[in-house]
**Q** 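Structure provided below as structure tokens; questions to follow.
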Amino acid sequence: QDKEKLEIRKLNDPPSAEMVRDMIKYARNMIEEFRRAKHYKYILCHTLTPLAELLEICELSLDKMGAVFEDSNVYMLHMMYQAMGVCLYVQDWEGALRYGQKIIRPYSQHYPSYSLNVASMWLKLGRLYMALENRTAGVKALKRAIAIMEVAHGKDHPYISEIKKELEDH
């Protein structure tokens with residue numbers, strides 16, 4: 001699935017192989033820079049300003065990479081996932097939901113049918129929808145998470161019972 005995972009934008013003037021190589025190098029560097037910044041900001045600074053800087057790193061790199069890569073590209077997905085994490089941390093539910101909605105379809109294509117990575121994303125989306133009072137979308141997303149988890153963990157797993165209780169309580 002490498003071709004799908006490294007999807008390049010379909011442009012009238014396609015990027016050269018060198019440009020794609022340079023963007024992959026840039027993406028890898030940004031991922032590493034983000035990891036270092038996240039460690040420093042979360043561990044040492046723990047204030048909202050550095051978290052805003054982390055989100056800015058993600059958004060700027062997504063803008064730059066988005067000129068060459070499709071949203072389904074693994075480098076784009078990695079940065080969107082990091083941005084979603086920052087949004088969740090600062091309780092920006094709308095921002096987190098926007099990133100999650102962009103992530104879920106490519107995740108469903110890149111990962112196996114019963115991947116816990118996909119289930120985890122559906123679970124996050126379901127909880128975000130519920131927090132934003134979109135019960136219909138929340139129930140649908142949580143049920144998709146449960147369906148995957150029942151295959152991966154078994155129907156009697158305590159975590160599944162917990163999510164079902166969550167559905168009943170809403």
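Values reported hereafter were calculated over all heavy atoms of this structure, with side chains retained and with hydrogens, waters and symmetry mates removed. Computed from a predicted structure; not experimentally measured.
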**Q** Would Tyr26 end up clustered with Leu62 when hydrophobic side chains under 4.5 Å apart are linked, directly or stepwise?
**A** yes

**Q** Do you know which two heavy atoms are closest between Asp71 and Pro106, and how far apart they sit?
**A** O-CG, 4.5 Å

**Q** To the nearest 0.5 Å, what is the distance between NZ on Lys143 and CH2 on Trp122?
**A** 14.0 Å

**Q** May I have the step-by-step check of side chain to side chain contact (heavy atoms under 4.5 Å, CB included) for Lys140 and Tyr129, ending in yes or no?
**A** CA-CA 10 Å; Lys140 185 177 176 184; Tyr129 283 124; over 6 Å; no

**Q** Would Val139 end up clustered with Met121 when hydrophobic side chains under 4.5 Å apart are linked, directly or stepwise?
**A** no

**Q** Do Tyr114 and Leu125 share a hydrophobic cluster (ILVMFWY, side-chain heavy atoms under 4.5 Å, transitive)?
**A** yes

**Q** Working to the nearest 0.5 Å, report the span between CG of Leu6 and CE of Met23.
**A** 13.5 Å

**Q** Working to the nearest 0.5 angstrom, can you tell me the gap between Leu123 CG and Ile146 CD1?
**A** 8.5 Å

**Q** Any sub-3.5 Å donor-acceptor pair from Ser61's side-chain atoms to Cys58's backbone N or O?
**A** yes

**Q** Is there a path of hydrophobic side-chain contacts, each under 4.5 Å between heavy atoms, that joins Val118 and Leu142?
**A** no

**Q** How about Glu32: does its CD atom have over 12 heavy atoms from other parts shown lying under 6.0 Å from it?
**A** yes

**Q** Please indicate whether Asp63 has more than 12 foreign heavy atoms, meaning atoms of other residues, nucleotides or ligands, lying under 6.0 Å from its CG.
**A** yes

**Q** Within this structure, what is the NE2-CE distance for the pair His78 and Met30, rounded to the nearest 0.5 Å?
**A** 10.5 Å

**Q** Does one hydrophobic cluster hold both Met130 and Tyr99, with members joined at side-chain heavy-atom distances below 4.5 Å?
**A** no

**Q** Quick one: are Gln82 and Val86 in side-chain contact, heavy atoms under 4.5 Å?
**A** no

**Q** I'd like to check Val74 versus Phe69 (side-chain heavy atoms, cut-off strictly below 4.5 Å). Are they in contact?
**A** no

**Q** Among Lys10, Lys5, Arg9, find the residue that satisfies the salt bridge (charged side-chain N to carboxylate O under 4.0 Å, His left out) test when tested with Glu7.
**A** Lys10

**Q** Using every non-hydrogen atom in the two residues, find where Ala27 and Met65 come nearest and quote the distance to one decimal.
**A** CB-SD, 3.3 Å

**Q** Please check if atom NZ in Lys124 has more than 12 non-hydrogen atoms from other residues, nucleotides or ligands closer than 6.0 Å.
**A** yes

**Q** Just wondering, more than 12 heavy atoms not from Glu133 lying within 6.0 Å of its CD?
**A** no

**Q** So do Glu166 and Arg127 actually touch side chain to side chain, heavy atoms under 4.5 Å?
**A** yes

**Q** CG/Asp92 to CZ/Arg98 distance, rounded to the nearest 0.5 angstrom?
**A** 6.0 Å

**Q** Can Val20 and Ser16 be said to form a side chain to side chain contact (heavy atoms under 4.5 Å, CB included), step by step?
**A** CA-CA 6 Å; Val20 172; Ser16 67; over 6 Å; no

**Q** Just do the side chain to side chain contact (heavy atoms under 4.5 Å, CB included) check on Met80 and Met76 with the steps written out, would you?
**A** CA-CA 6 Å; Met80 283 187 254; Met76 294 288 286; 4.0 Å; yes

**Q** Would one find more than 12 heavy atoms of other residues, nucleotides or ligands at under 6.0 Å from atom CD of Glu56?
**A** no

**Q** Grab the two heavy atoms, one from Ser115 and one from Ile148, that are nearest each other, plus how far apart they are.
**A** O-CG2, 3.4 Å

**Q** Does Ile163 form a side chain to side chain contact (heavy atoms under 4.5 Å, CB included) with His157? I'd like the steps, not just the answer.
**A** CA-CA 10 Å; Ile163 298 166; His157 195 278; over 6 Å; no

**Q** Might you point out which heavy atoms bring Ala67 and Leu11 nearest each other, and give the distance in Å?
**A** O-CD1, 3.7 Å

**Q** Determine whether more than 12 heavy atoms belonging to other residues, nucleotides or ligands lie under 6.0 Å from atom OH of Tyr81.
**A** no

**Q** Does the side chain of Met84 reach to within under 4.5 Å of the side chain of Leu128, using non-hydrogen atoms?
**A** yes

**Q** Would you compute the distance between atom CG of Leu60 and atom CD of Glu53 and round it to the nearest 0.5 angstrom?
**A** 11.5 Å

**Q** Return yes if some donor-acceptor pair links the side-chain N/O of His110 with the main-chain N/O of Ser72 below 3.5 Å, else return no.
**A** yes

**Q** Of all heavy-atom pairs between Ala119 and Met149, which one has the smallest distance, and what is that distance?
**A** CB-CG, 3.7 Å

**Q** Can you list the residues that meet the salt bridge (Lys or Arg N to Asp or Glu O under 4.0 Å) rule with Glu150, with sequence neighbours excluded?
**A** Lys155, Lys164

**Q** Judged by atom type as modelled, is there a donor-acceptor pair below 3.5 Å linking the side chain of Ser108 to the main-chain atoms of Ile104?
**A** yes

**Q** Ignoring hydrogens, what is the shortest heavy-atom contact between Leu88 and Ala96? Give both atom names and the distance.
**A** CD2-CB, 3.7 Å

